[in-house]
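Accompanying notes for the structure given below.
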Amino acid sequence: MGLKFGPLSGKSLIKGKFFPRRRESFRPLSSVGASTSPNSDTLDVSVVSELIEKQQWSKVKTHLRYSNPIELLHHLMESEVDPELIFRYFNWSQRELNVSYSLELTCRLLHSLAHAKQYSKIRAFLDGFVKKNKEHSNFTIFHSLTMRDNTRVCTNSIIVDMLVLAYVKNSKTRLAFEAFKRAGDYGFKLSVLSCNPLLSALIKDNEIGYVEYLYKEMIKRRIKANLYTFNTVINGLCKVGKLNKARDLIQDMRAFGILPDVVTYNTLIGGYCKMGNLGKMYKADAVLKEMVANKVCPNEITYNILIDGFCKDENVLAAMKVFEEMRQQDLKPNVVTFNSLINGLCVEGKLEEACELRDEIFGFGLKSNVATYNALINGFCKKKMIKEAIELLDDIKKQGLLPNVITYNTLIDAYCKNEMMNEAFLLLSLMLEKGVFPSTSTYNSLIGGFCRQGNMEKARKLLAEMQDKCTKADLITYNILIDALSKKGETRNATRILKDMSKEGLNPTHLTYNTLIDGYCREGNLRAALNVRAQMENDGKRANIVTFNVLIKGYCEKGKLEDANRLLNEMLEKGLVPNRTTYEIVREEMMERGFVPDIEGHLSYVSGS
DNA sequence: CGGGTTGGAC
């Protein structure tokens, strides 16, 4: 391997301007050995590398009088110097001499590190690199990686793998995803080791569309998916309620020779438990049976998921049965188990039983935690027993526990819902005093409180304040504002908010659109209401039962009963089943005015159910 | 070569 960059004396990149060569007048004060005496303009690489190894940086510095740092790096790389030592010099010179190396040179160093299997060094470098990197796009990075033909695609792939991982670790998921996409064009073959964390990050960001894309792309590129990959993707699908797709994936994994494990089934059971619909626990139970049939043994987490599911279904009795079964299986309940049960009792309003259960935790060799108290506080708040809830705040401290953001949010929300805004703000200052940072939920409660009072000015002010503090407004924030404005008759402003949220990259839901449609209907502006419906369907969201109810009511109130009847028929054609609200509208708004709608036949069914 | 999946409270 020849010196590509020529003898150092001839091709100084900085032309001696900043590192003037004063061969005659300069003598080092000390040196490692006789040969280190800089008496020629040829640099002895072995000497410099020895200095680097001993971390004698001031001496390395003296050698830089005869060459510049970039040349020295070139020189070290052309010699057989240990890449780890070169890397040390690279870091030191960047830090202490403020040298900035070209991307190409940096990539060459990464290659030699990869070749020497110094992977942790590459990871450390890339971590720092993505933290501060503002000037290099994935495109330029990939370009630099492939510049030299003496490198292997496989070495590059490892580096790109680690780059993706570094992006993910530094919460730059968008860049990680972009790198993944581009990697395919460059022929880099990524591995599960970066794909799996990327999948998890995308799920955390609610980017399920990208999760599905990534999964399909992995199969296409023959990146070997493993059990974690499947479990992660299944988790993503469950999070957005795509349970059928999640189940299909279990078939996919079998086709790949990977068998579902306890995590797979727990995830799927959890997915069913989190659904809001009726009979969800029946489906969750079916998965449990399937799991056992496939010889996968339920663990503590399986039972906790089921117990929580039944509790959320307001069926503490069933939850208690599962709890008993759990103990029969010799599985130990933990504090999560109890918290779920306590929460279930609280939701059913059984506060005494909930408190009793809290007292039993200790007997199981367990200690209650802040979540235990949060569940209780929530129970008292929902019964409007705010004084008792506040007293629990003292109990938390007595137990040596610390209230967290959820504790404060629960109480602030209770104050806001009971029009006690002053108390709510007192708690806000208390939490700030204690160093607990308000979350989006905190602001949502406060904004909701002002909206309830019809004080839109203060609500908007809070929205601005939260954005100032980098607390992101979420879907709920916008829904609250749109709802309040619609109900106040400020539909124009509500529409403006809808536009704002889209600008923020938040997708309006059925609820968002329906709220706005309701606002226009209340104003009697049916044309605008229909426009919003069209916009919603454009957005891929089909009118649901609420949409129709709101519109039908709007038409009835304008006396346009024929049009209301037409909507009723359309609703049935679309396979939507009228609910109680539909029935009430038809009875109160249509039949009392002597109008008999076509769907009369359906009504007896609805009213009877 | 390295990383990673499931459970509780607003």
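Computed from a prediction, not measured in an experiment: that's the story for all the values here. We name chains A, B, ... by the order of the sequence lines, and we start the count at 1 in each one.
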Given [options], the nucleotide with the shortest approach to the side chain of [X]:
X: A:Ile406; options: B:dC1, B:dG3, B:dA9; value: B:dA9
X: A:Asn378; options: B:dC1, B:dA9, B:dT6; value: B:dA9
X: A:Asn334; options: B:dC10, B:dC1, B:dG7; value: B:dG7
X: A:Leu193; options: B:dG3, B:dA9, B:dT6; value: B:dG3
X: A:Ile158; options: B:dC1, B:dT6, B:dG3; value: B:dC1
X: A:Asn266; options: B:dG2, B:dG4, B:dT6; value: B:dT6
X: A:Asn304; options: B:dG7, B:dT6, B:dG3; value: B:dG7
X: A:Ala371; options: B:dT5, B:dA9, B:dC10; value: B:dA9

Have a look at [X] and say if it touches a base, only the backbone sugar-phosphate, or nothing, with a 4.0 Å heavy-atom cut-off.
X: A:Lys312; result: sugar-phosphate
X: A:Asn226; result: base
X: A:Thr407; result: nothing
X: A:Lys121; result: nothing
X: A:Ile305; result: sugar-phosphate
X: A:Val192; result: base
X: A:Val168; result: nothing
X: A:Thr232; result: sugar-phosphate

Rounded to whole angstrom units, what separation is found between the [atom1] atom of [X] and the [atom2] atom of [N]?
X: A:Ile342; N: B:dC10; atom1: CD1; atom2: P; value: 13 Å
X: A:Lys382; N: B:dC10; atom1: NZ; atom2: P; value: 7 Å
X: A:Asn343; N: B:dC10; atom1: CG; atom2: C1'; value: 11 Å
X: A:Ile203; N: B:dT6; atom1: CD1; atom2: C1'; value: 12 Å
X: A:Phe180; N: B:dG4; atom1: CZ; atom2: P; value: 19 Å
X: A:Asp474; N: B:dC10; atom1: CG; atom2: P; value: 15 Å
X: A:Leu427; N: B:dC10; atom1: CG; atom2: P; value: 17 Å
X: A:Asp261; N: B:dT5; atom1: CG; atom2: C1'; value: 8 Å

Are [X] and [Y] close enough that some pair of their side-chain heavy atoms sits under 4.5 Å apart?
X: A:Cys311; Y: A:Leu341; value: yes
X: A:Lys367; Y: A:Val335; value: no
X: A:Ile234; Y: A:Arg247; value: no
X: A:Leu481; Y: A:Cys451; value: yes

Ignoring hydrogens and angles, answer whether the base of [N] and the side-chain atoms of [X] contain a donor-acceptor pair closer than 3.5 Å.
X: A:Asn231; N: B:dG4; value: no
X: A:Asp161; N: B:dG3; value: no
X: A:Asn404; N: B:dA9; value: yes

Do A:Tyr272 and A:Tyr282 make the cut of ring centroids closer than 6.0 angstrom?
-> no
Given the side-chain rings of A:Phe142 and A:Phe188, with only the six-membered ring counted for Trp, is the space between their centroids under 6.0 Å?
-> yes
Check whether any side-chain N or O of A:Asn196 sits under 4.0 Å from OP1 or OP2 of B:dG3, and answer yes or no.
-> no
A:Phe180 six-ring centre to A:Arg221 NZ/CZ under 6.0 Å and within 45° of normal |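 The answer is yes; both the distance and angle limits are met.
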